[in-house]
2 protein chains.
Amino acid sequence: MTSDSVVRAALRAVRVVVCLAALSPLLPPAARADEGMWTFDNFPAQAVGEKYGFTPDAAWLEHVRLSSVRLAGGCSGSFVSPDGLVMTNHHCAHECIEQLSTGDRDYVASGFLAKGGADEVRCPEIELNQLLSIEDVTARVEAAAQGTSGDAAGKARREAMSAIEKACGTSPGLRCEVVTLYQGGQYHLYRYRRFQDVRLVFAPEFAIAFFGGDPDNFTFPRYDLDVTFLRAYEDGRPAKVDHWFRWSPAGAQEGDLTFVSGNPGSTSRLQTLAQLAFDRDVVQYDAIVFAAERKGMLRAFAARGPEQERISKAELFYVENGYKARRGQLETLKDPAFAARKAADEKALRERIAADPKLAAYRGAFEAIERAVAAHRALYPTHLYLEKARAFQSTLFTHARDLVRAADERPRPNEKRLREYTDAKLPGLEQALFSEAPIHDEFEIAKLTFSLRRFREDLGPDHPAVRRLLGPKSPEELAQELVQGTRLEDVGLRRQLYAGGRAAVDAAVPGDAMLAFARAVDEGARAVRKEYEDAVESVEDEAGGKIARALFDLYGTSRYPDATFSPRLSFGSVEGYVSNGTRVAPVTQMGGAFGRHTGRDPFRLPQTWLDARPTLDLSTPLNVATSNDIIGGNSGSPVIDREARIVGLVFDGNIESLGGDFWFDRAVNRCVSVHSRALLLALSKIYGADRLVKELTATR
Amino acid sequence: MTSDSVVRAALRAVRVVVCLAALSPLLPPAARADEGMWTFDNFPAQAVGEKYGFTPDAAWLEHVRLSSVRLAGGCSGSFVSPDGLVMTNHHCAHECIEQLSTGDRDYVASGFLAKGGADEVRCPEIELNQLLSIEDVTARVEAAAQGTSGDAAGKARREAMSAIEKACGTSPGLRCEVVTLYQGGQYHLYRYRRFQDVRLVFAPEFAIAFFGGDPDNFTFPRYDLDVTFLRAYEDGRPAKVDHWFRWSPAGAQEGDLTFVSGNPGSTSRLQTLAQLAFDRDVVQYDAIVFAAERKGMLRAFAARGPEQERISKAELFYVENGYKARRGQLETLKDPAFAARKAADEKALRERIAADPKLAAYRGAFEAIERAVAAHRALYPTHLYLEKARAFQSTLFTHARDLVRAADERPRPNEKRLREYTDAKLPGLEQALFSEAPIHDEFEIAKLTFSLRRFREDLGPDHPAVRRLLGPKSPEELAQELVQGTRLEDVGLRRQLYAGGRAAVDAAVPGDAMLAFARAVDEGARAVRKEYEDAVESVEDEAGGKIARALFDLYGTSRYPDATFSPRLSFGSVEGYVSNGTRVAPVTQMGGAFGRHTGRDPFRLPQTWLDARPTLDLSTPLNVATSNDIIGGNSGSPVIDREARIVGLVFDGNIESLGGDFWFDRAVNRCVSVHSRALLLALSKIYGADRLVKELTATR
């Protein structure tokens, strides 16, 4: 979980948050119905069969896995036609839609519909991954670390993972990733088919995709059409795929068994008390306060004018969404019932490990994590601001860092590089670096001023890194100098510097303020990253692996690992719940959207909806709540029935689901989807997207 | 602590924060040297004599009390000449200095110096109070509540307090206040001489008053000249006063005994565990997150242009200051050592009350507070947004509410009114309502949009109050309608409506959007206020009083009450401390300011300082740290020696002092002052303020 892309992924995708009972290490999961984000190679088909009367077989699981896709930037999706048509959320493609817009043609506001194939436009930064195979490489990773411990072991494991990924044959068309499961208890090699030519086919207006806006975010009942259709291309033509989801004629109905196939980004259900306390007291609190200030800044920036509002909209959504999600998560961390249960579980497991001679090898693991957390606490702000680049919120800085680091890293042997510059990662890096998306100086300066000021504020004006990087300058002044003193907004130059490697970058640094700054940052950033990897990550992985193995010894693999932004399958059903004493029905109707329409953002329906109203059956189901266990990263996941047909499209969780990062409460946690019938009805009656409807409903 | 002005006071004055060991109810204070914000009628002169060899007598105490003043808006000050000259902080007069400025003459930036008496300009909203007498009225207040309990008792006490204040003879020149001490253990009547004609005499540039800005705020070593001189007027002429502080020739030196006379705003040292937990989990956290967003909004507003920066500067200072103070306070509340000590103290006291038959009358008090806290938790957001007006951050709204409420309240008998509309409070209300300070529409709209959005966000779009007040409108739209649809920026109209009472207001409501809105708000606001008073305030006062009386029975009055923004005296000495392993000397020198000068805000010295540099003795003491126990509200307090001569001017506390709201750590908590020698040197050599120097140093 250290690579930047996964962090970005986890952050972007927090909108959708889990629905399932907290994993208690001492109880087998069968005791907690519907819980779990299961890997495809360890799905509890038997348990599903016992509860729901349908037992998925290997062919079914393979079909579902191959029909699903991951959006590498932090979301999920699905193939819905043999011609590479992909369904995901509007909020997963929002950035692309914004990037393809200009002041004159604002597709975020107006929506987008490609009349024919020639009108489908390439998204600058979207990559799709289809999971081809899973291989257990635990033995190889552990063998590399044998005879070492602590930071040496961590380094050996990281190198082994890079070597395995390289050997797997990564290429522009193939993406190989070693996934750390069960906190270091297992290492699996995931091979993905990679699509980097992804084009926009259809998007509705933002006003209906995110109807109710931030006030309604993470709530239910709900009335959103949060959908976008993309298409995977290969060699300039629509990609042919052998597996895709058909469309259910009826869609999800109350009581139906539902599956969700997607990529939950990150959960903390197996974390120890020490890790949870750190999360509660430092990480979440700090992130909420930071997001609040950023939100205030972004809203005031948007108030400067319509163009400023347009170019900052996706970022505001992303920040508000993360802010609200984290507030909910913190509530759970502060909940005494949650704390008591975690404490009891951990106490029991520690006593068991202490008492059972067969578990002797796992002793000391909890204590090691306590020490790692203490180390993390000490270096947290520096690591966050320098290495995680919280101080440098600017696309130009990101490009500069990637160029500077790639120049340093690429000449090294693959396994000696920082992990995000290994061969397996370069295609993703190159896509982002060579993106044609526009960069807006005014917005860059505003964001960078804000983050540099926060950097000085949190570390203090006398911190050596602050003194070295800011010098006598004010944050505003430095931000302006950097943004105005770089030519990195020119994609051609970025390509040239990347191709030219170290020599080209060295030559450019003196004349380019942002490149020079990124190099200056790197000194301190690399040092704190090393400290973090040695004193925190390596120790937590090793000790976490021990705890996981203790649990395997006790319970086998009848448990699921924490989410890692890799493909998972969950099961559940369409079901209401009780909120504040009131019964909430699991399905809303299209008529409800009209009832909530006030004519003012974010409760303003688009004109297309108002015009089409007389032609619509207002009793058509619009949104649906199910008990599937999902979390941020699952946005865009298909909801399918036992015949693997589309019955919905996940886009959110209810407010009760926000604690799902840490535990699951089957009674009230719900994931929230667009109903498949609303999707078809809107495409045909509101948007006249007949080409698309035909493609989705073709029976083959 | 419910009146709005005290809340505003406590908020404004948080910059300066306490320095003293947490009061343990089970230890007499003599065990904790220098601790305490003592009332003038219960000062531990004996203890001071024993430790420092100087025992203040009654005449000394009276002289100090009468030489001190309170700034009713939330600060402290002192008379420093017989002609009503008053010394306080720049940040206490910042709002006045901003109000007297325009786009062309920015006194905040340039500073202000009245060449002669005729050039002294009236501050629109500053009121000074000089404490004339203290009378114990506990018996009268308690007698009124006899035979009742709960909300009836609370109501009876509030009515009795209003009656006592009225009988005391409140007038424009006299201010009477019943102060609730020891959480309801004592009620004292404070009689103040009131000055409402207060004029600006001198202010340095903001750049040196707040040198180091937010980054250096609450830190030490420090280099600020945070001073302003005002003058009290009576009948258009400088007020004559019999008591004022003389100037010490040498100023404070390491090891010297020092006294601070001022008005600490609020502390929570006697709060129970239930109250502290609520503060930690809800109040502080919520306030920090709100302030962070507001800070982001204000900084981005200021970035719109120089005029926007100018008109929002005081508010930004106030928000950033409160934000930083609260973050420090929350750290203490989360500190396990603090929690353990409070828990042990409370446990011991509860056991003592349970075991001792003589204390039987006080049983149940802690449980009652637990219930009150639970009630508070339930109504917290509604009370905060509606009654405390967090949803309506606009000067025009404040005026509208005051007009609407005054029209409703003034016809009632004095003791039946809301407390801030009783006769004793009206002169202060009138000064604020008839203020000539300019109101800026653009800023009003920005603040109101922000707070209305937050109102909808926190209560949710479906909350009845949100639906009723916003209707279908967006926050932006409503804010614009209200600000553009009112004429209340016209002082003449406000005077006319106030004088015209209910009939005039009723007639104006239909044509004035803000007045109509304030009336609409009042319905819900009054209801939640009543709930709060009945279920929270009354219960907490009654139970708090019981706990206080238990402590009196055990220890007598050898203890000080929590701060209540009324005059207090603390003692201590000039003393360094150890921070992060480094010894910090207690005095900085003027040369240090030049060393920290970078030429960029907030580390840019004004040109006057750069020009005067060759003429200055750079070894002159600039700021000084002492162990006096102070907190927000003490800003502007004089630091005096045993001869009651000025040796410094309190303006801040160090970062270690921020937990002073809850306890005191003598080893590291320090209050921070401008040294008296720097004040005189700057006035003479940098500002050429010879008239002022002469007045300050005249020996009489």
Side-chain angles (χ1 to χ4, degrees), chain A residues 212-217 219 280-282 285-286 288-304 319-320 323-324 327 330-331 334 445-446 449-450 453-454 456-462 466 470-478 596-604 655, chain B residues 212-217 219 280-282 285-286 288-304 319-320 323-324 327 330-331 334 445-446 449-450 453-454 456-462 466 470-478 596-604 655:
Chain A
D214 180 62
D216 277 4
N217 198 9
T219 66
R280 180 192 64 214
D281 296 340
V282 178
Y285 163 70
D286 170 75
I288 289 166
V289 173
F290 188 81
E293 189 167 340
R294 201 167 159 200
K295 190 153 81 95
M297 180 275 288
L298 287 169
R299 282 220 170 259
F301 179 85
R304 285 188 195 172
V319 172
E320 289 196 328
Y323 166 84
K324 202 166 177 181
R327 289 199 76 160
L330 185 55
E331 286 310 305
K334 296 199 298 191
I445 291 170
T449 298
F450 165 75
R453 182 181 296 112
R454 262 320 220 93
R456 183 177 72 184
E457 180 180 317
D458 269 13
L459 270 59
D462 298 317
V466 175
L470 258 84
K473 290 169 193 157
S474 69
E476 293 86 334
E477 192 179 354
L478 179 58
R596 206 160 173 75
H597 167 73
T598 65
R600 271 78 159 192
D601 287 333
F603 299 99
R604 169 163 46 191
I655 202 86
Chain B
D214 180 62
D216 278 4
N217 198 10
T219 67
R280 180 192 64 214
D281 296 340
V282 178
Y285 163 70
D286 169 74
I288 289 166
V289 172
F290 188 81
E293 189 167 340
R294 199 167 160 200
K295 189 153 82 95
M297 179 277 286
L298 287 170
R299 283 219 170 258
F301 179 84
R304 286 187 194 173
V319 173
E320 289 196 330
Y323 166 83
K324 202 165 176 180
R327 290 199 75 159
L330 184 55
E331 287 310 304
K334 296 201 297 190
I445 291 170
T449 298
F450 165 76
R453 183 181 295 111
R454 263 317 222 95
R456 184 178 71 184
E457 179 180 318
D458 269 13
L459 270 60
D462 299 317
V466 175
L470 258 85
K473 290 169 194 158
S474 68
E476 294 84 334
E477 191 180 354
L478 179 58
R596 206 160 174 75
H597 167 73
T598 65
R600 270 79 159 191
D601 287 333
F603 300 99
R604 169 163 45 192
I655 202 87

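The chains referred to below are lettered A, B, ... by the order of the sequence lines, with proteins before strands, and numbering in each begins at 1.
In this structure, B/Leu478 CG and B/Ile445 CD1 are separated by 11.0 Å, a value rounded to the nearest 0.5 Å. Taking CD from A/Glu320 and CG from A/Asn217, the interatomic distance works out to 8.5 Å, rounded to the nearest 0.5 Å. In this structure, CG in B/Leu459 is found 11.0 Å from CZ in B/Arg454, a value given to the nearest 0.5 Å.
Using a 4.5 Å cut-off between heavy atoms, B/Leu330 contacts chain A through its side chain alone, with no backbone atom that close. Proximity to chain A (any heavy atom under 4.5 Å) is shown, for B/Arg294, by neither the backbone nor the side chain. Of the atoms belonging to B/Asp214, it is side-chain heavy atoms, and not backbone ones, that fall under 4.5 Å from chain A. Looking at A/Lys324, there are no atoms closer than 4.5 Å to chain B (heavy atoms on both sides), in backbone or side chain. Looking at A/Arg604, neither its backbone nor its side chain comes within 4.5 Å of chain B, counting heavy atoms on both sides. No part of A/Phe450 comes within reach of chain B, as not one of its non-hydrogen atoms sits under 4.5 angstrom from that chain. In this structure, chain B has a heavy atom under 4.5 Å from the side chain of A/Tyr285, while its backbone stays farther away. Residue B/Lys334 touches chain A through its side chain alone, counting heavy-atom pairs closer than 4.5 Å.
The choice from A/Arg304, A/Lys473, A/Glu477 that makes the most heavy-atom pairs within less than 4.5 Å of chain B is A/Glu477. Between chain B and the options A/Ala292, A/Ala300, A/Gly460, A/Gly599, the largest number of non-hydrogen pairs under 4.5 Å is found for A/Ala292.
With hydrogens and angles disregarded, no donor-acceptor distance shorter than 3.5 Å links the side chain of B/Lys295 to the backbone of B/Tyr323.
Between A/Glu293 and B/Arg299 there is no salt bridge, since no side-chain N of the basic residue sits under 4.0 Å from a carboxylate O of the acidic one. The pair A/Arg596-A/Asp216 counts as a salt bridge, with a side-chain nitrogen and a carboxylate oxygen less than 4.0 angstrom apart.
A heavy-atom distance below 4.5 Å is not found between the side chains of B/Thr219 and A/Asp462.
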